[in-house]
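Notes follow the structure.
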Number of protein chains: 2
Amino acid sequence: MGSAKTFRHGQNLRLVTSERIANQEELRRRLWTQRLRVTQATLSRDLQELKLVKTPEGYRPASALPEETAPIPPLARALGEFLLDIRPAENLLVLKTPPSGAQPLAAAVDGAKFPEIAGTIAGDDTVLIITPNKRQRESLQQKIESFVGRPLRSRAS
Amino acid sequence: MGSAKTFRHGQNLRLVTSERIANQEELRRRLWTQRLRVTQATLSRDLQELKLVKTPEGYRPASALPEETAPIPPLARALGEFLLDIRPAENLLVLKTPPSGAQPLAAAVDGAKFPEIAGTIAGDDTVLIITPNKRQRESLQQKIESFVGRPLRSRAS
DNA sequence: CAGGTCACTGTATTTTTATACAGGAGGCTG
DNA sequence: CAGCCTCCTGTATAAAAATACAGTGACCTG
């Protein structure tokens with residue numbers, strides 16, 4: 001079950017950026033309410049891999065590191081990690097992500113070079129995919145949904 | 001002897017930014033070589049006061065990290081402050097703002113959690129709101145307009 | 001001067017985070 | 001299939017950081 005980790009990473013990112021998590025134990029309890037049963041040790045590793053550092057105001061991305069810019073994440077991985085919701089709208093498809101998830105997800109989607117896609121626009125937590133018409137949007141939506149094994153939670157925003 | 005602390009703060013800052021200090025104990029040892037005899041507890045307090053956070057690469061000023069996500073302005077206030085124009089377009093709603101007004105306005109709109117909204121994307125002076133269809137856009141538009149007591153005038157940007 | 005407050009710090013301890021180690025699951029090769 | 005990886009994780013523990021508490025000295029104020 002390799003995808004559990006990436007999904008959990010996405011959840012870590014979402015929780016940590018959306019609410020104020022004081023320590024790993026608290027994060028563990030929040031994940032617990034989502035059926036995610038992991039130990040503090042695992043979260044310590046997760047936070048390290050996500051490059052999140054502890055500040056008095058919670059965990060923050062350790063930006064401004066001269067590190068290598070991550071290569072475009074393969075689509076499946078990016079979807080697992082970032083995709084929160086899919087919202088169709090006529091010839092458009094809106095993908096919701098955790099804060100700052102839109103750019104990497106959009107890059108991955110672009111990289112996949114779907115023929116249906118006319119273009120994409122990424123904000124902070126929203127990716128807008130434009131297709132020529134509703135039919136093509138439906139086709140694309142189906143493909144994307146098939147990539148995501150798990151059900152998506154609709155989050156009002 | 002109140003100035004000891006200030007001086008030590010300066011030294012902390014100098015050491016921490018010029019070489020890679022892995023933990024408070026190491027910092028304590030470096031200070032020791034300068035006749036500064038303090039305990040780990042004091043350094044813990046110092047680092048907090050200096051707003052230095054521990055990263056895998058040593059201690060860094062928290063200011064180098066992404067700002068605290070500003071509390072989202074209540075919708076009414078944000079609309080009053082930023083909204084210049086409302087432009088409907090089929091199932092889309094374009095909100096114009098003064099320069100750099102789009103992000104805060106979009107945050108406020110997001111925070112209001114309108115059910116009609118599939119997603120928003122904010123540029124610099126433009127917020128694009130996507131709704132599933134024209135009907136919902138009309139509904140949303142009406143709500144937003146009702147929030148704004150004053151008449152809107154189109155201003156070229 | 002007595003009494004009170006405040007800022008600062010150390011000691012001892014608790015809380016939080018990191019890690020050494022081992023086991024399980026899956027993949028690959030011969 | 002055996003043997004050998006690699007990845008991921010939990011348990012147990014070590015390391016690091018934060019803090020409760022108490023003590024000290026400077027500085028007021030009556």
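The sequence lines fix the lettering, A, B, ..., with proteins before strands; numbering per chain opens at 1.
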From [atom1] of [X] over to [atom2] of [N], roughly how many Å is that when rounded to an integer?
{"X": "A:Arg29", "N": "C:dT16", "atom1": "CZ", "atom2": "P", "result": "8 Å"}
{"X": "B:Lys5", "N": "D:dT24", "atom1": "NZ", "atom2": "C1'", "result": "16 Å"}
{"X": "B:Leu47", "N": "C:dT9", "atom1": "CG", "atom2": "P", "result": "13 Å"}
{"X": "A:Glu49", "N": "C:dT17", "atom1": "CD", "atom2": "P", "result": "16 Å"}
{"X": "B:Leu43", "N": "D:dA17", "atom1": "CG", "atom2": "P", "result": "10 Å"}
{"X": "B:Asp46", "N": "C:dG10", "atom1": "CG", "atom2": "C1'", "result": "13 Å"}
{"X": "B:Lys51", "N": "D:dA17", "atom1": "NZ", "atom2": "P", "result": "19 Å"}
{"X": "B:Leu52", "N": "D:dA17", "atom1": "CG", "atom2": "P", "result": "12 Å"}

Interface residues of residues 17-25 of chain B with DNA chain C (non-hydrogen, below 4.0 angstrom) = none
Under the side-chain hydrogen bond (donor to acceptor under 3.5 Å, both in side chains) rule, what do B:Asn12 and B:Asp46 come out as? Steps first, then yes or no, please.
-> CA-CA 8 Å; B:Asn12 286 339; B:Asp46 281 356; 3.0 Å; yes
[X] vs [Y] side-chain heavy atoms within contact, under 4.5 Å:
{"X": "A:Leu31", "Y": "A:Leu43", "result": "yes"}
{"X": "A:Leu95", "Y": "A:Leu83", "result": "yes"}
{"X": "A:Glu57", "Y": "A:Arg60", "result": "yes"}

Could you tell me whether A:Arg28 contacts a base, only the sugar-phosphate backbone, or nothing, with contacts defined as non-hydrogen atoms closer than 4.0 Å?
-> nothing
Using a cutoff of under 3.5 Å, can you pull out all pairs of nitrogen or oxygen atoms linking the protein to nucleotides 19-23 of chain C, with atom names and distances?
unit_1, atom_1, unit_2, atom_2, d
C:dA20, N6, A:Arg45, NH2, 3.0

For [X], all residues meeting side-chain contact (heavy atoms from CB on, under 4.5 Å), sequence neighbours excluded:
{"X": "B:Glu26", "answer": "B:Ile21, B:Ala22, B:Asn23, B:Arg29"}
{"X": "A:Ser139", "answer": "A:Glu116, A:Lys143"}
{"X": "A:Arg137", "answer": "A:Pro88, A:Leu93, A:Thr131, A:Lys134, A:Gln141"}

Determine whether the side chains of B:Arg14 and B:Gln11 contain a donor N or O and an acceptor N or O closer than 3.5 Å.
-> yes
Look at B:Tyr59 and D:dA16 and indicate whether a side-chain polar atom (N or O) is within less than 4.0 Å of OP1 or OP2.
-> no
Can you find a side chain N or O atom of B:Lys54 that sits less than 4.0 Å from OP1 or OP2 on D:dA17?
-> yes
Output all residues satisfying salt bridge (charged side-chain N to carboxylate O under 4.0 Å, His left out) with B:Arg20, sequence neighbours left out; order by chain, then residue number.
-> none
